[in-house]
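Here is the structure we will look at, set down as structure tokens.
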Amino acid sequence: MSELSLHERIRNAAASQEVENVKARHTYLHGRADASGEWANIWSRSDDCSWAHAFGRMRGFDQVWFGSVADYDKMAMENAIEMREIYPETTGKDPRPLMEASVHTLLTDVIEVASDGQSARGSFITPGMIHSCLTPEKEKYCNVLWERYGSDFVLEDGKWVYLHEQVCPDILTKLDMFNWAAEDYARLTAPEVEEMMPPTLGLPPITDPGPLHNQYSILQQPQDTVPWPEPYDTLDNDNTYTPFVDKK
């Protein structure tokens with residue numbers, strides 16, 4: 001790890017605040033289902049760009065845009081058309097926030113800025129919920145979840161943007177209805193009652209198939225999929241949440 005001058009330490013301290021602001025903008029835009037607003041403004045368009053969830057990883061900006069924006073906006077538009085027939089007062093409103101509200105509070109963030117000042121890495125825990133009051137069944141729903149983020153950021157033309165994101169869902173269940181630990185116990189002790197969904201059903205095109213992270217199980221070993229970052233000199237395969245592809 002390189003010894004930083006006072007100027008470089010101040011630069012990196014300011015960069016860590018900028019990176020935290022980028023993550024906060026993601027939280028807001030995702031909360032209102034504004035996928036196009038997020039990927040159009042706070043993401044790198046590099047071929048090294050990637051977004052990953054438990055099911056796998058999308059690589060390259062075009063693939064990420066198709067999976068995270070085109071498909072997401074399509075669901076929002078289809079939902080808005082359906083909701084217009086049930087709730088005519090929604091006509092004319094932005095269709096994206098009508099779909100759902102994803103509330104991701106960010107806690108215990110650990111951010112490290114590289115010695116060269118050109119990248120930053122962050123680990124976040126996000127307890128939150130996904131809820132909606134506008135459904136075809138005319139019933140409210142709310143899911144509670146715990147996830148972890150592993151995020152790599154880069155400085156491009158003086159602006160901090162996302163390069164990589166790895167989302168790690170640990171717990172997901174319905175709020176005030178189920179017990180996530182009891183659910184898993186029942187699943188493991190009576191697996192014959194569980195209907196397994198095909199692993200590729202409804203998934204966007206992905207380069208790296210999963211699973212990249214497993215949801216909570218009472219029998220699983222601890223997963224350290226996105227450990228907090230250690231001090232580092234530059235973004236490389238030893239210091240990243242998404243290994244770079246060898247382009248030789």
Side-chain angles (χ1 to χ4, degrees), residues 15-35 37-44 46 48-59 61 63-65 67-69 72 100-114 119-130 143-156 159-173 180 203-204 206-208 210-216 220 222-232 235 237-244:
S16 70
Q17 294 297 304
E18 289 295 325
V19 165
E20 194 170 50
N21 288 338
V22 173
K23 176 63 74 172
R25 289 186 66 191
H26 151 75
T27 302
Y28 169 75
L29 292 168
H30 185 45
R32 68 184 306 275
D34 190 354
E38 174 176 347
W39 268 271
N41 293 291
I42 60 174
W43 275 79
S44 170
S46 163
D48 290 319
C49 162
S50 72
W51 188 89
H53 204 273
F55 58 78
R57 177 179 293 110
M58 295 176 275
R59 286 185 179 269
F61 187 76
Q63 190 176 88
V64 173
W65 182 273
S68 297
V69 179
Y72 203 68
E100 63 185 13
S102 301
V103 182
H104 288 287
T105 55
L106 298 173
L107 302 175
T108 65
D109 49 309
V110 178
I111 297 172
E112 286 284 349
V113 181
S119 67
R121 305 184 62 225
S123 176
F124 305 82
I125 295 176
T126 171
M129 62 183 70
I130 301 174
N143 293 328
V144 62
L145 72 162
W146 282 77
E147 291 181 333
R148 284 174 281 163
Y149 290 119
S151 310
D152 294 329
F153 305 87
V154 290
L155 185 63
E156 291 186 352
K159 177 182 177 182
W160 284 97
V161 292
Y162 274 101
L163 182 66
H164 305 142
E165 177 100 287
Q166 171 70 59
V167 182
C168 299
D170 287 322
I171 299 169
L172 173 64
T173 192
W180 50 270
L203 295 184
I206 54 177
T207 298
D208 303 334
L212 302 180
H213 186 82
N214 294 312
Q215 192 166 316
Y216 167 83
Q220 74 180 189
Q223 298 177 96
D224 201 16
T225 311
V226 289
W228 62 68
E230 300 290 344
Y232 70 107
L235 194 66
N237 275 347
D238 294 323
N239 299 280
T240 182
Y241 289 111
T242 297
F244 291 90

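The aromatic rings of F61 and W65 are tilted relative to each other, their planes meeting at an angle between 30° and 60°. Aromatic ring pairs are classed by plane angle as parallel below 30°, tilted from 30° to 60° and perpendicular above 60°; the pair H104 and H30 is parallel. Taking the six-membered ring for Trp and thresholds of 30 and 60 degrees, W39 and W43 have nearly parallel ring planes, at less than 30 degrees apart.
Considering only heavy atoms from C-beta on, N41 comes within 4.5 Å of R25 through its side chain. Here the side chains of L145 and I130 are in contact, with some heavy-atom distance below 4.5 Å. Contact check for D152 versus Y162: no side-chain heavy atoms found under the 4.5 Å cut-off. With contacts defined as side-chain heavy-atom distances shorter than 4.5 Å, the pair S50/D48 does not qualify.
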Quick one, H164 with S151, criterion side-chain hydrogen bond (donor to acceptor under 3.5 Å, both in side chains). Give me CA distance, side-chain angles, the key distance, then yes/no. CA-CA 6 Å; H164 305 142; S151 310; over 6 Å; no
Evaluate the side-chain contact (heavy atoms from CB on, under 4.5 Å) criterion for residues N143 and T173: first the C-alpha distance (whole Å), next the side-chain angles of each, then the deciding distance (0.1 Å), finally the verdict. CA-CA 6 Å; N143 293 328; T173 192; over 6 Å; no
What do the steps show when you test F55 against H213 for ring pair (Phe, Tyr, Trp, His ring centres under 6.0 Å), and what is the final call? CA-CA 8 Å; F55 58 78; H213 186 82; over 10 Å; no
Let's go through R59 and T242 carefully: what are the C-alpha distance in whole Å and the side-chain angles of both, what is the deciding distance for side-chain contact (heavy atoms from CB on, under 4.5 Å) to 0.1 Å, and is it a yes or a no? CA-CA 10 Å; R59 286 185 179 269; T242 297; 3.7 Å; yes
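Summarising the geometry, atom CD belonging to E38 is positioned 9.5 Å from atom OH belonging to Y72; distances are rounded to the nearest 0.5 Å. Here the straight-line distance linking atom CZ of F124 with atom OG1 of T108 works out to 9.0 Å at 0.5 Å rounding. Here the CZ atom belonging to F244 is positioned 5.5 Å from the CG atom belonging to L163, to the nearest 0.5 angstrom.
What you find for Y241 and G122 is that their closest heavy atoms are CE1-O, 3.5 Å. What you find for M58 and S68 is that their closest heavy atoms are CE-OG, 3.4 Å. Of all non-hydrogen atoms in V19 and A120, the two that sit nearest each other are CG2-CB, 3.7 Å. R57 and I206 get closest at one heavy-atom pair: O-CB, 3.6 Å. A pairwise comparison of heavy atoms in I42 and V22 identifies CD1-O, 3.9 Å as the closest pair. Closest non-hydrogen pair, S44 versus V154, comes out as CB-CG2, 4.4 Å.
No donor-acceptor pair under 3.5 Å is formed between the side chain of S123 and the backbone N or O of V110. A distance-only check finds a donor-acceptor pair linking the side chain of Q220 to the backbone of Q215 [under 3.5 Å]. Judged by distance alone, with hydrogens and angles left aside, the side-chain atoms of Q166 form no donor-acceptor pair with the main-chain N or O of W51 at under 3.5 Å. For Y232 (side chain) and V113 (main-chain N/O), no donor-acceptor pair under 3.5 Å exists by modelled atom type. Judged by distance alone, the side chain of N239 and the main-chain N or O of L235 form no donor-acceptor pair under 3.5 Å. A side-chain donor-acceptor contact under 3.5 Å links Q223 to the backbone of N214.
Residues H26 and Y149 place their aromatic rings such that the two centres sit under 6.0 Å apart.
Ion pairing of K23 with E165 is present here, as a side-chain N (NZ or NE/NH1/NH2) and a carboxylate O approach within less than 4.0 Å.
Counting heavy atoms of neighbouring residues, nucleotides and ligands inside a 6.0 Å radius, atom OH of Y28 does not exceed 12 of them.
In this structure, R121 is not positioned above the aromatic face of F153 in the sense of NZ or CZ being under 6.0 Å from the six-membered ring centre and within 45° of the axis.
Scanning for salt bridge (Lys or Arg N to Asp or Glu O under 4.0 Å) contacts around R148 gives D170, with sequence neighbours left out.
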